[in-house]
Every structure is written in C-alpha cells, then in structure tokens.
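Beneath this line is the structure, given in structure tokens, with notes to follow.
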Amino acid sequence: MTLVEEFPGVRVRAPGKINVFLEVGARQEDGYHELATAFQAVSLFEDVVASLSDGFSLAVTGSVDTTGVPEDDTNLALRAARLLATEAGYGGGAHIDIRKDVPVAGGMGGGSADAAATLVACDALWGTGLSTRELHSLAARLGADVPFALTGGTAVGTGRGDALNPALARGRFEWVLVPGASGLSTPKVYRELDRMREEHAEHISPVSDTPTVSADVLHALRAGDPRMLAEVLHNDLQAAALRLRPDLGEVLDFGVREGALAGIVSGSGPTLAFLVESRQDGYGLQQRLARAGYEAIHAHGPVHGARIV
Ligand code: C5P
C-alpha cells in the first residue's frame with residue numbers, strides 16, 4: 001500500500017460570507033481601513049484537501065469559474081500552508097487541492113475561506129496542534145477576512161475586520177446570490193470609496209473614526225427576523241462597487257422588484273446578496289433571475305466555520 005492510499009489527506013470545508021452590515025472608517029497609514037462589520041457565513045463552501053508532500057503545491061477546481069485563481073506562491077492557501085510550517089517549525093510540505101463553490105473575487109471571502117481551511121487541514125495533517133488562538137493570529141496575518149472563515153456563524157468584526165466577537169443569531173436566513181460575470185478587485189473598490197469621499201467631502205458627513213455595527217442589525221439577527229434585517233442591511237462599499245460596475249444597480253432593482261426583501265452588494269462585490277423571507281421565496285426569486293439571464297444561487301446562513309469533514 002502506498003503512503004497516499006494509507007493516508008489520503010485531511011479534508012476541511014470552509015464557508016463563504018456575506019457582510020450584512022459594513023461601515024468603513026478612515027484609511028489608516030498602512031493602507032487598511034478601520035471598519036465595523038457583521039459577517040454571516042453562508043452555505044456556499046470551499047473544500048480543501050491537504051496531503052503530505054515534500055514541497056508545496058496546489059490544484060484548483062470548482063463549480064465556479066476558477067481561471068482568475070493563481071496557482072503559484074501568491075495563492076493565499078499556499079501562503080497559509082507555508083506560514084503555518086514556518087511558525088510551527090515543520091520541515092515538510094503539503095499538496096493542497098481546492099474545490100471552489102464560492103465565486104472568485106466576488107466579495108464573499110472565497111480566497112479567505114481557502115486560507116482558513118488550509119490552516120486547519122495542515123495543522124491536522126502535520127500534527128502541529130496549534131491552539132485556536134494561535135490559528136486565529138496566523139489567519140489575521142493572511143488577510144482581514146480569514147479569521148471569520150475559521151469561526152463562521154454570525155460575528156461582528158472590527159479593526160480591519162479581523163477582531164471578532166460572536167453575535168447571537170436565531171434561526172436561519174435565506175439568501176439568493178448573484179455572482180456576477182467578472183470579479184472586482186477589493187483594493188480597487190476601497191480606493192474608489194476613498195476617491196468618492198474626497199470628491200464629495202463638502203457634501204457628506206465626516207467619516208467615522210469609530211465605525212460601529214448598528215444596534216438595529218444586532219437586534220434583527222438576534223430576533224431571526226428577515227424583514228427586520230432587510231430594513232437595516234448596509235454596506236459602505238456598495239456605492240464604490242456600483243460606480244465601478246453600474247450594471248449591478250439594475251440587477252439589484254430587478255431582484256427587489258421580483259420579490260426580495262432587500263438586496264445588497266456583498267463585501268467589495270460584485271456578488272449581490274438578496275435576502276428573502278422563506279426558502280420557497282428563495283427558489284421563486286432564483287427562477288425569475290435565471291429566466292432573466294442571471295445566474296443565481298440559493299444559500300442560507302449562518303453555517304459553521306472551517307472544520308474537518
Ligand atoms: O486583508 P485582505 O488582503 O483581504 O484585504 C484586501 C485589500 O482590501 C487590502 O489590501 C486593502 O486594500 C483593502 N482593505 C482595507 N481595509 C480593510 C480590509 C481590506 O482597506 N479593513
């Protein structure tokens with residue numbers, strides 16, 4: 001029996017996310033923005049299998065278009081594996097197989113989920129035995145959204161989005177997601193927001209030094225009430241994403257006309273997230289979007305974070 005047959009690897013599943021609320025504060029000296037967000041992990045998953053290898057390598061497949069995903073050392077999952085090996089003093093390597101269901105460069109944290117899943121998979125594969133706190137700190141070094149992909153559920157993120165506190169959420173929220181044909185670059189969307197804020201500085205209120213998740217959002221999550229949440233969905237990045245991709249505005253209007261309680265750009269976009277009242281309404285909206293030529297995916301949240309399956 002070969003090593004591979006004896007030990008086929010460790011499989012970890014990690015979720016994509018929606019920011020049901022995102023307030024962006026001022027740009028800091030390091031280029032990042034202080035923010036306050038409420039994340040919800042949704043039932044679109046990345047599957048990562050890590051297997052033993054002398055070096056580090058990666059293969060990416062999936063139900064979504066993966067052509068934009070780098071397979072070299074710039075891939076966040078490979079960086080996660082290398083970072084863990086270095087920090088844990090592990091001398092070997094891993095082959096990472098990723099199967100993606102989260103839209104690429106879609107604002108749903110797919111790359112962050114890959115990195116979180118890789119940390120958990122390699123930790124188990126190599127027996128490095130890091131604590132949750134240590135994994136969280138490595139995750140934060142890889143990207144602002146990586147810690148949330150580790151924890152999943154519903155959580156409030158502050159700082160860069162990586163300082164997490166769990167939020168109480170009752171029941172299950174139903175979402176219809178429209179991935180959008182091509183991705184948006186996150187740094188570009190933040191830059192556009194900065195540009196718009198400078199341009200309109202005289203007309204808008206000053207940017208908050210201490211962004212905060214609205215109490216109404218936390219209340220709606222706690223109540224498990226989609227109608228209440230629909231009233232308070234908010235994303236400061238939405239205006240910037242719509243400036244770069246005006247076509248998204250039409251799809252948002254269409255979704256709401258066709259039965260969504262509300263629609264929002266997910267993270268930096270271009271994925272759109274429509275909140276619906278029930279699973280039945282979700283299937284109805286999905287069909288109407290599909291008939292109008294938009295790819296639409298039905299998902300629900302909250303779901304668990306990165307875990308071995
Ligand atoms: O941390 P991550 O690599 O996911 O962030 C991608 C980019 O998004 C950053 O390089 C930065 O331009 C922008 N960003 C930001 N402020 C945050 C999070 C991300 O400006 N809090």
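Start at 1 and go down the list; that is how both ligands and their atoms are numbered.
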* Does the ring center of F148 lie less than 6.0 Å from the ring center of H136? -> no
* Using a strict cut-off of under 4.0 Å between a residue heavy atom and any atom of ligand 1, list the qualifying protein residues by chain and number. => G31, Y32, H33, L35, G143, A144, R160, T186, P187, Y190
* Structure fact -> Across all chains, not counting sequence neighbours, the salt bridge (Lys or Arg N to Asp or Glu O under 4.0 Å) partners of E277 are R227
* H95 side chain to S51 side chain, donor-acceptor N/O pair below 3.5 angstrom -> no
* Could you identify which residues cluster with Y190, counting Ile, Leu, Val, Met, Phe, Trp and Tyr as linked when any side-chain heavy atoms lie under 4.5 Å apart, either directly or through a chain of such contacts? => L22, V24, L35, L184, V189, L193, L237, L244
* Structure fact -> Tested for side-chain hydrogen bond (donor to acceptor under 3.5 Å, both in side chains) against T37, the lone hit among N235, D236, N19 is N19
* To do: Each residue besides M228 in its hydrophobic cluster should be listed here, by chain and number; the cluster joins Ile, Leu, Val, Met, Phe, Trp and Tyr at side-chain heavy-atom distances under 4.5 Å.
  => none
